[in-house]
Structure formats: structure tokens, C-alpha cells
Amino acid sequence: MKERFIQPELIDEVIRELKDEKLINKVLPSSGKLRIERNLPFLLIYRFRANPARQTVRLVVGESSYFIASGNKEDLEDISNLLQYISKNLSKKFGSVMFLEIWEGESSNHQFKIKAPKDIAPDTVETLATELKELCKEFPKIGVLVEHTNDRHPEGMKPLMTISECQEVGCFLVGLEIPPFYRNVENDEFYHLYFRSLKKKLSRIFRKTIFQYLLVQTSSDIESFHMLGSRSLESAVWEVDSQLTEIEDSYRFLLLISPINTMKARDEFAKNDFKKNPKFLYRILPVDPDQLKEQLYQIKVRSIEDPTLSFLYREKREELDKQLTMLSERGTKNFMYSSIRLYNSVDPELLKQAKEILKRFPSKKGKTLEWADCHELAQKAREEIEWYRQFYKDFNSTVSIKHDIIGIMVSKGQVLIGESFKVPQNRIEALIHHEVGTHVLTYYNGKAQPLKQLYSGYADYDELQEGLAVLSEFLTGGLTRGRLRLLAARVVAGHSLTEGADFCGTFHELHDDYGFDLGTAFDVTARIHQGGGCTKDIIYLRGLIKLLDYLKKGGKLEPLFVGKIAQKHVPLMEELNLRGILKPIPLHPRYLQEEDAINRLNKVRKGMSVYDLLPSEDH
């Protein structure tokens with residue numbers, strides 16, 4: 001006698017766990033699975049055919065509630081009984097429950113077919129149809145058809161429940177046939193990138209549709225469709241997160257592309273009357289980029305089913321690949337081309353704004369400045385770190401003075417200051433907020449989160465980081481004419497680099513055409529030409545401009561401090577927060593407690609261009 005697909009004991013166990021609001025995670029015969037993370041009145045359903053489309057099942061895997069089962073007719077009674085028990089218990093609590101069964105259509109099908117009973121939850125059906133139509137704009141030759149029918153099941157299979165059975169257990173059952181445009185049956189080809197994009201977009205559509213139903217038809221208190229996402233992360237996420245972080249922690253990218261002989265090179269450049277390109281020396285690579293790349297692509301990023309996290313970690317792997325390529329090409333012309341892939345080049349609008357800054361705010365001689373050396377700056381940084389430590393005991397950043405770096409940088413939460421570095425006294429406060437109040441703070445806020453990449457840094461985080469850091473200088477009253485000119489100079493130098501200029505060409509453009517003193521022109525040129533040419537420094541002004549636009553459009557500042565994220569990640573972080581994956585951040589910038597900073601921030605929110613950021617006497 002054939003073993004039953006679902007034993008009565010399992011149904012009893014599921015019902016008990018539903019009543020106790022426990023996580024339900026059951027493995028069923030024939031690759032079946034039932035997962036209900038928490039008591040929410042919905043379920044995504046997929047039934048295997050005799051020759052299962054194993055990729056299609058991934059459209060439901062990764063969601064917070066789904067049921068994968070056999071499509072054999074002899075198993076239908078067991079499956080239907082279990083679903084009716086689930087529906088009856090959930091509808092008792094919420095008033096109703098929604099089941100959405102999906103399946104793959106025939107290869108000749110070029111339409112999403114929504115199969116739903118007429119005049120039941122029309123707003124939900126309309127939401128699903130509208131969202132799918134929007135999706136179809138990105139996939140040509142695919143359409144959407146709504147069929148009002150009681151046959152809401154795949155062709156060749158029996159219905160999970162009849163209309164009367166659905167009514168008895170308080171269930172709204174909808175069927176969705178998906179056109180298999182992501183595969184070519186004749187040539188046995190599967191279009192992985194198409195499918196990946198579809199999975200991400202359908203996940204959002206499923207959640208929006210279900211949220212519409214819950215909002216109107218149930219007593220659920222869910223406030224956003226994001227909250228329908230999984231709160232319990234799959235083991236693959238933790239594994240990938242840890243492995244990517246381990247690779248990134250094995251080297252310090254910015255240190256390894258920074259010259260160690262900048263001071264000596266500056267002296268040699270001056271001795272040669274600024275006409276001979278200096279030679280830079282670099283730290284010995286402590287890693288083998290090729291070996292790390294092998295490890296990088298052994299990481300099973302594809303095993304992550306959660307669409308949001310899959311996107312974040314695929315992006316990060318690509319970024320690490322680019323960094324490792326740059327390390328292997330350090331000192332060659334190819335380094336510059338790889339840096340463009342990582343940081344992009346100067347677009348015409350950014351160059352236009354940089355030149356406008358230099359035109360509006362030409363160099364001018366002011367009163368003699370009082371300077372603070374590296375030791376005074378280091379002491380101020382340590383005092384700032386102590387202030388933050390009172391709010392977060394694990395805030396254990398250190399400050400080191402180094403002989404082999406120029407300027408100041410933060411690496412993995414630690415402050416590094418070059419021993420030759422000095423800063424005007426009126427810039428100390430702003431610089432401390434830039435380095436400690438932004439770069440160090442976001443590192444430790446990320447450390448407080450369960451995902452390691454929030455402190456290590458998701459892909460392209462640098463631009464938002466530097467935009468935030470420069471904004472902090474403005475909010476604390478320390479953004480000066482010289483500082484804004486410096487950011488513009490970096491953009492001009494970056495453009496000069498990508499247009500083919502050598503070190504001398506970039507240097508003389510800054511000095512001769514834009515009036516920068518010899519020291520500043522050298523430092524900017526050295527940073528742009530380091531490693532063979534690096535466009536990273538253009539992100540300071542670009543990040544600031546984008547941040548000003550973001551705040552003008554109503555974007556919130558506080559969520560940007562959750563860790564090392566890019567501006568494009570803000571809605572993804574909002575989703576992860578609503579799903580209960582992220583924790584409240586322990587640290588907020590000190591300057592946000594100051595009235596003057598709040599007043600300046602309010603002005604930014606009303607709309608300020610980058611030219612408006614300087615004090616009125618500079619205009």
C-alpha cells in the first residue's frame with residue numbers, strides 16, 4: 001500500500017504549532033515543504049508536476065509562508081485536508097486567509113494568467129493585474145490576462161479546494177499561471193539572469209497583492225507589504241555574509257593602493273622643477289588576488305533565495321572582484337580602467353558643477369591660519385571616541401599616527417593619521433565629525449547589526465559615506481571655501497586622468513589654470529594618479545550633491561547611519577528593518593544634538609545647491 005503523502009500526526013502537529021504561533025518548517029515527501037514563519041493569513045503554493053520545473057519552485061522559496069507539494073492526484077486528498085485545516089485555523093483568528101497557487105504555463109504561453117472567482121476580493125485581483133502589467137513593460141511580448149473562473153489550478157491537475165470548500169474554511173484561492181519566457185524548451189536553455197530578475201520582481205508583486213488582501217479582508221495589523229518578507233534568514237545568508245567579510249578583512253584595500261613614499265616623491269618632483277612624473281612605491285601585497293578570487297567564486301551566493309539579500313550579496317561579490325583586479329593591476333595603466341569600473345568616471349554634469357565651484361569661489365589669500373599638527377588632531381579624535389563610547393561600550397576605535405600615509409583615513413573603524421598631516425584650527429571640529437562622527441560611527445553601528453556586511457560595507461557604499469562626511473562638515477559650520485574647492489579639484493583631476501593626462505599634466509592644470517598652491521595641487525594629483533590612476537576621489541563631491549538632492553526630496557538622514565550602505569540601499573534597509581532583521585542603531589552623530597546643526601539641516605531639506613553651502617561672505 002502506498003504511503004500517505006501527509007500523515008495525520010503531521011497535521012495535528014501543524015495545528016498545534018499554528019495555535020502556539022510557532023515557526024512551522026516541515027519537510028514533506030517528493031521534495032515537498034511547508035514553511036509558515038509566523039501566524040499571517042496567507043500561503044504561496046507550488047505543486048510539482050511529473051516532470052517538475054525545478055527552477056520555477058524558487059519563485060516561492062525564500063518567502064515567509066509557502067507550501068511545496070506533489071501534484072499527483074493520489075496525494076491531493078492529503079494536501080487538501082492539510083490546507084483546509086491551516087485555512088480554518090488562520091481564518092478563525094484573522095477572519096479570512098489568502099492562498100496563491102502559482103505554476104508554469106506551456107512554452108507557447110506568453111501571458112500571465114490570473115485565475116480568480118468573479119466578484120470576490122476584486123481589489124486584490126486588480127492589484128495583482130496592475131503590478132504584473134507594470135512588470136511586463138520590462139519584458140517585451142508578455143501580457144496579462146484576468147480570467148474570472150472557478151478553475152484556479154494548473155491544467156492537468158485537480159483543484160486544491162472547490163469554491164464551497166474555500167467558503168467553508170474562509171479561504172480566498174487565486175491561481176497564477178506564469179509564462180516560461182525565462183527558458184527555451186526546444187534548445188534546453190535556461191535564461192538565468194532573466195529568471196533572477198523575474199524572481200525579485202515577482203516577490204515584491206506577491207507581497208503587494210497579499211498586503212492588499214490583508215488590509216481589506218482580514219484583521220491583520222500588518223502596516224507594510226515589506227513586513228510580509230521572511231524574518232528568519234536562511235543559513236546560506238549567514239554563510240555568504242561571513243565568507244565575503246572574511247575575504248574583505250584579509251586586506252586593506254585603500255592602504256594597499258596608497259603610496260608609501262609620497263613625501264619623498266613630492267620633494268623629488270620639486271627638484272625636477274615639476275616637469276618629471278614622480279615614481280610611487282607601495283606596500284607589499286599581503287594576499288594573492290588570484291587565490292582570493294578563486295575563494296570568492298566558490299562562495300555560493302546563488303544559494304540565497306531571499307531576493308533582497310541575494311541582490312546585496314551578488315553586488316558585493318562583484319565589487320570585491322573589482323577590488324582584487326585593481327590590486328593585481330596596481331602600478332599599471334589597466335588599474336585606471338578597473339577603477340572606472342568600480343567608481344565610474346566624471347560625467348559631464350559633475351564636471352560642470354566642479355568647474356562652476358572653482359569659478360564662483362576662486363582662490364583668495366586670507367589671514368594667516370593657525371595649524372594643528374597630527375598629535376593635536378589625534379588627541380581630539382580620541383576625545384571624540386571616548387564621548388561615543390559612553391553610549392556603546394563596544395565602540396573601541398583607536399587612533400594611530402603613521403609615517404607611511406598622507407592625510408587622514410579610517411580603515412576598519414580605526415583612525416590613521418599621517419605624521420606630516422596638519423589641519424587649520426578652524427577645521428578640526430569638522431574633520432573630527434567627518435572621520436569619527438561618520439566613518440567610525442557607521443562602522444560600529446554596522447558592527448551592532450547581525451549582518452557583517454553592514455560594517456564591512458555593501459557595494460558602492462563609499463559615495464554615500466563621503467557625502468555624509470562632507471555634509472557633517474557643513475552642518476557643524478566647518479565647510480570652508482578651500483575645502484569645497486578641494487572637492488571640485490578632485491573632480492577636475494579625475495577628468496584630467498581619464499582624458500589621458502599624465503601626472504605633470506594634471507598637476508599643472510590644477511596649479512596653472514585653477515590657482516591651487518603647489519602643495520595642494522601635488523596632493524590632489526598624487527591621490528588621483530595613485531596605483532596607476534584612481535577615480536575614487538570624485539565620489540566626495542558626487543556623493544554630496546546626490547545627498548543634498550535626496551534630503552530635498554524628503555529622504556531621512558538618520559537611516560543612513562545604519563552601517564556602510566549606498567544610497568540605493570536605503571529602501572532595502574527599510575525593508576530589512578520592517579522585517580525585523582535589523583536592530584535599532586546604538587549611535588547617532590553628536591552634531592545632531594546641536595541647534596545650529598539642526599537649523600542648517602532644515603535649510604538643506606528645503607533645498608540647497610552645493611553652491612549655497614558656503615557662508616554668505618564667500619558669495
Side-chain angles (χ1 to χ4, degrees), residues 192-193 196 240-260 279-302 304 310-347 405 409 411-412 452-453 455-466 490 493-503 506 526-540 542-543 564-566 568-569:
H192 291 276
L193 295 182
R196 182 189 298 162
V240 169
D241 181 66
S242 180
Q243 290 173 332
L244 287 174
T245 304
E246 184 179 351
I247 287 179
E248 189 166 24
D249 282 347
S250 67
Y251 63 92
R252 293 191 174 193
F253 179 68
L254 293 182
L255 274 179
L256 292 175
I257 66 173
S258 300
I260 58 175
K279 292 184 178 180
F280 293 111
L281 301 176
Y282 300 92
R283 294 167 178 81
I284 297 174
L285 289 181
V287 295
D288 180 350
D290 289 341
Q291 183 181 20
L292 287 182
K293 277 196 177 186
E294 289 179 9
Q295 296 178 27
L296 186 64
Y297 283 96
Q298 288 173 358
I299 297 174
K300 298 178 180 178
V301 176
R302 285 185 62 192
I304 297 177
S310 175
F311 168 77
L312 286 169
Y313 288 105
R314 277 188 289 104
E315 262 199 336
K316 184 61 185 180
R317 183 175 61 181
E318 291 169 9
E319 180 179 75
L320 292 178
D321 183 7
K322 294 172 186 175
Q323 286 185 359
L324 292 170
T325 297
M326 288 177 69
L327 291 181
S328 66
E329 295 173 343
R330 192 182 63 177
T332 71
K333 188 67 175 178
N334 286 338
F335 184 91
M336 182 194 73
Y337 299 119
S338 293
S339 87
I340 292 173
R341 290 182 62 228
L342 186 58
Y343 300 112
N344 293 321
S345 56
V346 179
D347 64 76
I405 70 168
M409 68 170 64
S411 178
K412 301 190 186 304
K452 293 181 179 180
Q453 279 300 309
Y455 73 78
S456 185
Y458 282 111
D460 305 320
Y461 75 87
D462 308 73
E463 183 173 278
L464 176 58
Q465 278 285 296
E466 300 304 349
R490 291 173 175 176
H495 179 258
S496 171
L497 167 74
T498 56
E499 288 297 298
D502 62 3
F503 189 99
T506 302
R527 287 172 60 119
I528 285 292
H529 282 267
Q530 67 183 357
C534 183
T535 59
K536 177 183 182 294
D537 274 3
I538 71 174
I539 68 175
Y540 289 78
R542 190 172 68 197
K564 306 289 188 181
I565 63 170
K568 62 185 174 183
H569 297 148

Side-chain heavy-atom pair [X], [Y] within 4.5 angstrom cut-off:
{"X": "Ser339", "Y": "Met326", "answer": "yes"}
{"X": "Leu285", "Y": "Tyr251", "answer": "no"}
{"X": "Gln453", "Y": "Glu315", "answer": "no"}
{"X": "Lys452", "Y": "Asp249", "answer": "no"}
{"X": "Lys293", "Y": "Thr325", "answer": "yes"}
{"X": "Leu464", "Y": "Ile565", "answer": "yes"}
{"X": "Ile299", "Y": "Ile247", "answer": "yes"}

What is the minimum heavy-atom distance between [X] and [Y], and which atoms define it?
{"X": "Val301", "Y": "Ser310", "answer": "CG1-O, 4.4 Å"}
{"X": "Leu497", "Y": "Cys534", "answer": "CD2-N, 3.6 Å"}
{"X": "Ala566", "Y": "Ala459", "answer": "CB-O, 3.7 Å"}
{"X": "Gly494", "Y": "Ile538", "answer": "CA-CG2, 4.1 Å"}
{"X": "Ser250", "Y": "Val287", "answer": "O-CG1, 3.3 Å"}

Carboxylate-amine/guanidinium proximity below 4.0 Å for Glu466 and Arg490 = no

Lys/Arg N to Asp/Glu carboxylate O, Glu319 vs Lys316, below 4.0 Å | yes

Tell me, please, which residues at least two apart from Arg283 pass side chain to side chain contact (heavy atoms under 4.5 Å, CB included).
-> Leu255, Leu256, Ser258, Ile260, Asp404, Ile405

Residues two or more places apart in sequence or in another chain: which of them pass side chain to side chain contact (heavy atoms under 4.5 Å, CB included) with Glu463?
-> Ile539, Arg542, Lys546

What distance do [X] atom [atom1] and [Y] atom [atom2] have between them, rounded to the nearest 0.5 Å?
{"X": "Ile257", "Y": "Glu329", "atom1": "CD1", "atom2": "CD", "answer": "12.5 Å"}
{"X": "Leu244", "Y": "Leu320", "atom1": "CG", "atom2": "CG", "answer": "6.0 Å"}
{"X": "Lys568", "Y": "Phe311", "atom1": "NZ", "atom2": "CZ", "answer": "5.5 Å"}
{"X": "Glu499", "Y": "Thr506", "atom1": "CD", "atom2": "OG1", "answer": "10.5 Å"}
{"X": "Glu248", "Y": "Leu296", "atom1": "CD", "atom2": "CG", "answer": "10.5 Å"}
{"X": "Asp241", "Y": "Ser456", "atom1": "CG", "atom2": "OG", "answer": "8.5 Å"}

Check this for me: [X], atom [atom1], are more than 12 non-hydrogen atoms of other residues, nucleotides or ligands nearer than 6.0 Å?
{"X": "Arg252", "atom1": "CZ", "answer": "yes"}
{"X": "Glu246", "atom1": "CD", "answer": "no"}
{"X": "Tyr337", "atom1": "OH", "answer": "no"}
{"X": "Lys279", "atom1": "NZ", "answer": "no"}

Measure up the Phe280 and Phe503 rings against each other and bin them: parallel (under 30°), tilted (30 to 60°), perpendicular (over 60°).
-> tilted

